[in-house]
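Below is one structure, written out as structure tokens; comments come after it.
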Amino acid sequence: MEGESSTSQASGSSWAAFLKSIASFNGDLSSLTAPPFILSSTSLTEFSSYWCEHPPIFAAPAKEPDAKKRAVLVLKWFLTTLKQQYASRSEQYGNEKKPLNPFLGELFFGKWEDEAGTTELISEQVSHHPPATAYSITNVPTGVHLEGYNAQKATFSRTINIKQIGHAILTVPNPAGEEPDKYLITLPALHIEGLIFGSPFIELEGASYITSSTGYTAKIDYSGKGWLSGKKNSFTASLYPTGKEKEILYNVSGQWTKSFDIYPGSAKGNSKATLIENYDPAEVPATTLTVAPIEQQHPLESRRAWSKVAAAIAKGDLDAVSIEKGKIENAQRELRAKERSEDRTWERRYFSWRTDAPDAVLAALGSVVGVPDHGDADKTGGLWRFDAAKAGKERAQPPLGDEEAAKIAKELLGQ
Ligand code: HC3
């Protein structure tokens, strides 16, 4: 299934029916009934890993004593994540598929081991209506920590347009032992191209920002084919002292799927002499994420929970896909009804809904990049922050026995 690349292998009529259905689509991405060849067996909780496929680049700012250079290293890291986030699936499979819509409480854990040491990922589905995924990524040796949450608002106008709601916060410990830097990161809007040809892929649009507690802001402007550069996946970015957009300290331009150049100041130097760095993803291999074998995973861990659906997708058995998905959806519906009748809500395991407004980082930096103090909590089911105390308790739990795991799978997932 995952190897198929376009409608050529699927019936043209099922794609035509899909196109017709999205033209009258109501904004709920999970309600789109996609033809089998466009179904992915990867859940959106896994997408959090795209933030850190190059841990050494993620951790690098912690070793840089100069605040301005730390800010450009953070910008560089962010730009390197775009290819994984938005193009890795279409490059691998030939098209952007429809991911699995996570259930509330779904978990995804992994770690990267490389020259940057161990970097840990925790991802949790913290809201189902509206769907929102939260994540925490920590490079253990340096303490560089990323956390955030995101939801999507989709509309249809010529194609599927997606606005990302949510933000990320990167904390970089100060090499001189002063207060750690905080970087507030906004997420780019995107739309789907190639729909009509049955080979959908993502193009980014508009602008996104990174603003820091050290007084620097980066603006990234995205454009695609037919725009200024005429090349797909293009961007230009500049780093400037916050509030002084014209005083450009660094500028970066290129294609987020191919390569980009970092220059000092505002001149887009043509000569290699002024070039600070040319980043080419083809020359920097990604570190593989290690995930526990399915049988050792918690029943709510993504790959274990969706394993039967994934097997049905791999076989192209749509009936089995809908039966297995239905089991999870029904069990979750019953669980929500039970919680309502007992006047309680699902306890998130690693993140907490922060109500102590205003959030300190958003209060200090949010207005620079248009993130409200409440972090759009109404559209993401809450303002979610990593809860180290909860995580500590979870880590201290002994592994589940087979009986206990089976009970959870039955009650929570109908399996
Ligand atoms: C829009 C999207 C789901 C959301 C995906 C997000 C925004 C999730 C957070 C990640 O950090 C970045 C990211 C990358 C890809 C986004 C997905 C692309 C397509 C998918 C739609 C739900 C599917 C649309 C259907 C079809 C057939 C066109 O693929």
Side-chain angles (χ1 to χ4, degrees), residues 1-2 4-7 10 14-23 25-53 78 80-102 106 108 121 123-127 130-137 146-156 158-168 185-206 208 222 233 256-257 302 313 379-380 384:
M1 218 54 202
E2 294 288 45
E4 291 184 79
S5 62
S6 77
T7 41
S14 74
W15 188 251
F18 175 62
L19 289 182
K20 227 171 144 192
S21 77
I22 53 177
F25 147 79
N26 62 6
D28 176 5
L29 288 168
S30 61
S31 74
L32 282 180
T33 314
F37 72 94
I38 209 87
L39 293 181
S40 161
S41 52
T42 304
S43 157
L44 275 178
T45 55
E46 288 206 26
F47 283 37
S48 306
S49 68
Y50 296 135
W51 283 107
C52 195
E53 302 230 329
F78 174 81
T80 65
T81 68
L82 297 175
K83 183 175 181 197
Q84 312 295 334
Q85 298 260 23
Y86 304 106
S88 55
R89 297 159 305 278
S90 48
E91 284 191 355
Q92 193 176 356
Y93 308 128
N95 56 33
E96 182 70 50
K97 296 184 178 228
K98 182 175 183 258
L100 293 169
N101 181 31
E106 183 175 324
F108 182 71
L121 163 71
S123 177
E124 179 171 9
Q125 190 69 9
V126 286
S127 174
T133 312
Y135 47 86
S136 157
I137 299 178
L146 178 78
E147 66 172 279
Y149 58 96
N150 54 274
Q152 296 87 38
K153 184 173 168 18
T155 51
F156 184 84
R158 279 183 296 185
T159 186
I160 301 175
N161 302 288
I162 288 129
K163 192 171 167 250
Q164 296 201 71
I165 305 158
H167 57 269
I185 302 168
T186 66
L187 310 167
L190 52 114
H191 64 264
I192 307 286
E193 295 209 351
L195 259 187
I196 197 88
F197 305 112
S199 49
F201 66 93
I202 291 177
E203 186 58 274
L204 300 178
E205 61 184 48
S208 75
Y222 304 92
N233 313 144
W256 47 267
T257 34
S302 197
I313 291 177
K379 300 186 190 90
T380 51
W384 300 101

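Remember, it's 1-based here, ligands and their atoms both numbered in the order they're listed.
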Going by the 4.0 angstrom heavy-atom rule, the piece of F18 near ligand 1 is side chain

Per-atom filter on ligand 1: closer than 4.0 angstrom to a heavy atom of I162 are 1 (C)

Ligand 1 to Q85, heavy atom cutoff 4.0 Å, flagged ligand atoms 10 (C), 11 (O), 12 (C), 14 (C)

Short version for N95: what comes under 4.0 Å of ligand 1, heavy atoms counted, is neither

the protein heavy atom lying closest to atom 20 (C) of ligand 1 turns out to be P99 CD, 3.9 Å

For atom 7 (C) of ligand 1, the closest protein heavy atom turns out to be Q164 OE1, 3.4 Å

So CD1 of I185 and CG of L187: to nearest 0.5 Å the spacing works out to 8.5 Å

Of all protein heavy atoms, the one nearest atom 24 (C) of ligand 1 is I160 CD1, 4.2 Å

| message | Any atom of ligand 1 sitting under 4.0 Å from a heavy atom of Y86? | response | yes

Original post:
Is the side chain of E124 donor-acceptor paired with the backbone N or O of E106 at a distance under 3.5 Å, no angle test?
Top reply: no

Near N150 (heavy-atom distance under 4.0 Å), the atoms of ligand 1 are 9 (C)

Checking heavy atoms under 4.0 Å, the part of T133 that sits near ligand 1 is neither

- Message: Keeping T159 on the side-chain end and E193 on the backbone end, is there a donor-acceptor pair under 3.5 Å?
- Response: no

**Prompt:** Counting only N and O atoms by type, is there a donor-acceptor contact under 3.5 Å from the side chain of E203 to the main-chain atoms of H191?
**Reply:** no

Counting heavy atoms under 4.0 Å, the part of K97 that contacts ligand 1 is backbone

heavy-atom search around atom 4 (C) of ligand 1 in the protein gives Q152 CD, 3.7 Å

Restricting to heavy atoms, the pick from R89, E46, E96 nearest atom 18 (C) of ligand 1 would be E96

A student checking ligand 1 against I38 at a 4.0 Å heavy-atom cut-off should list atoms 27 (C)

Query raised in the report: What is the ring orientation for F47 with Y50, classed by angle as parallel under 30°, tilted 30 to 60°, or perpendicular over 60°?
Result: perpendicular

Discussion item. Students often mix this up, so state it plainly: with edges at 30° and 60°, are the rings of H167 and Y149 parallel, tilted or perpendicular?
Written reply: perpendicular

Q. Are S40 and R89 close enough that some pair of their side-chain heavy atoms sits under 4.5 Å apart?
A. no

Scanning both residues in full, the closest heavy-atom pair of N233 with I202 reads ND2-O, 3.8 Å

Per side chain to side chain contact (heavy atoms under 4.5 Å, CB included), F108 is matched among L44, L121, T133 by L121

If we number the atoms of ligand 1 from 1 as shown, the ones under 4.0 Å from a heavy atom of I202 are 15 (C), 18 (C)

Protein heavy-atom contact under 4.0 Å for atom 12 (C) of ligand 1? yes

**Asked** Which of parallel (below 30°), tilted (30 to 60°) and perpendicular (above 60°) describes W15 and F37?
**Response** tilted

* To do: List the steps and the verdict of side-chain hydrogen bond (donor to acceptor under 3.5 Å, both in side chains) for S302 and E46.
  => CA-CA 8 Å; S302 197; E46 288 206 26; 4.6 Å; no

Ranked by distance from atom 3 (C) of ligand 1, the top protein heavy atom is L44 CD2, 4.0 Å

